[in-house]
Amino acid sequence: QVQLVESGGGLVQAGGSLRLSCVATGRSFSDYTMGWFRQAPGKEREFVAVIGWRGGAIYYADSVKGRFTISRDNAKNTLYLQMNNLTPEDTAVYYCNGDIIRIATQITPGDYWGQGTQVTVSS
């Protein structure tokens with residue numbers, strides 16, 4: 001079992017930046033492919049970014065490519081998402097996810113979810 005707790009969300013103006021963090025406890029964080037998903041009001045949860053267990057194999061959704069950067073620090077059991085040049089379309093609850101299965105561009109969420117952190121971008 002892995003417990004995930006996100007932080008770093010908030011209200012920001014368009015063009016601004018936020019850095020999300022996800023701290024893992026329980027089983028070894030470094031065993032898992034980790035990633036971020038988001039869910040906007042009235043929409044389904046969607047994939048944002050994924051990172052392999054050693055920090056490689058990074059892949060982004062087209063909607064965030066070039067603006068968001070995913071990273072991890074296995075020594076701190078922490079996953080990050082640096083979000084730059086935010087737009088109102090990025091407004092959503094952002095979820096950390098563990099044990100993702102990735103085959104090329106096919107992403108299957110893992111069983112481990114955080115509680116989510118709200119990101120609101122004003123125009």
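On a predicted model such as this, the values are computed, not experimentally measured, just so you know.
Taking OG from Ser63 and CZ from Phe68, the interatomic distance works out to 7.5 Å, rounded to the nearest 0.5 Å. The distance from atom CG of Leu11 to atom CD of Gln118, rounded to the nearest 0.5 Å, is 9.5 Å. If you take CZ on Phe37 and CD on Glu44, they are separated by 12.5 Å, rounding to the nearest 0.5 Å. Between Asn84 atom CG and Arg19 atom CZ the span is 11.0 Å, to the nearest 0.5 Å. Distance check: Asn77 CG to Met34 CE gives 9.5 Å after rounding to the nearest 0.5 Å. Rounding to the nearest 0.5 Å gives a distance of 10.0 Å between CZ of Arg72 and SG of Cys22.
The heavy-atom pair separating Cys96 from Leu79 by the smallest distance is SG-CD2, 3.7 Å. Counting all heavy atoms, side chain and backbone alike, Ile58 lies closest to Ile51 at CG1-CG1, 3.7 Å. Among all heavy-atom pairs drawn from Tyr95 and Gly114, the shortest one is CD2-O, 3.6 Å. Among all heavy-atom pairs drawn from Arg38 and Ala92, the shortest one is CB-CB, 3.8 Å. A pairwise comparison of heavy atoms in Thr78 and Ser21 identifies CG2-CB, 4.3 Å as the closest pair. Taking both residues in full, the closest heavy atoms of Val5 and Gln115 are given as CA-OE1, 3.7 Å, listed atom of the first, atom of the second, then distance.
Val93 and Leu18 are members of different hydrophobic clusters when ILVMFWY side chains are connected at heavy-atom separations under 4.5 Å. The same ILVMFWY cluster, assembled from side-chain heavy atoms under 4.5 Å apart, contains both Tyr32 and Leu4. One hydrophobic cluster holds both Ile70 and Val64 under the rule that ILVMFWY side chains link at heavy-atom gaps under 4.5 Å. Note: the hydrophobic cluster containing Trp36 also contains Leu86 (ILVMFWY, side chain heavy atoms under 4.5 Å, direct or indirect links). Grouping the Ile, Leu, Val, Met, Phe, Trp and Tyr side chains by contacts below 4.5 angstrom, directly or via other members, places Leu20 with Val121.
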Legend entry - Test log, rule side chain to side chain contact (heavy atoms under 4.5 Å, CB included), inputs Leu81 and Val48: CA-CA 10 Å; Leu81 185 68; Val48 174; 4.2 Å; yes

* **side chain to side chain contact (heavy atoms under 4.5 Å, CB included) between Met83 and Val119, worked out** => CA-CA 10 Å; Met83 306 186 295; Val119 171; 3.8 Å; yes

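The neighbour count for Ile101 CD1, taken as heavy atoms of other residues, nucleotides or ligands under 6.0 Å away, does not exceed 12. Residue-environment remark: NZ (Lys43) stays at or below the threshold of 12 foreign heavy atoms within 6.0 Å.
A donor-acceptor distance shorter than 3.5 angstrom exists from the side chain of Glu6 to the backbone of Gly116, with no hydrogens or angles considered. Looking only at distances, a side-chain donor or acceptor of Asn97 sits under 3.5 Å from a matching main-chain atom of Gly110. A donor-acceptor pair under 3.5 Å links the side-chain atoms of Asn74 to the main chain of Trp53, judged by distance alone. Side-chain atoms of Arg102 come within 3.5 Å of backbone atoms of Ala57 as a donor-acceptor pair (strictly under, hydrogens ignored). Without hydrogens or angle criteria, Thr117 side chain to Tyr94 main chain gives no donor-acceptor distance under 3.5 Å. The backbone N or O of Asp73 sits nowhere less than 3.5 Å from a side-chain atom of Tyr80 that would complete a donor-acceptor pair.
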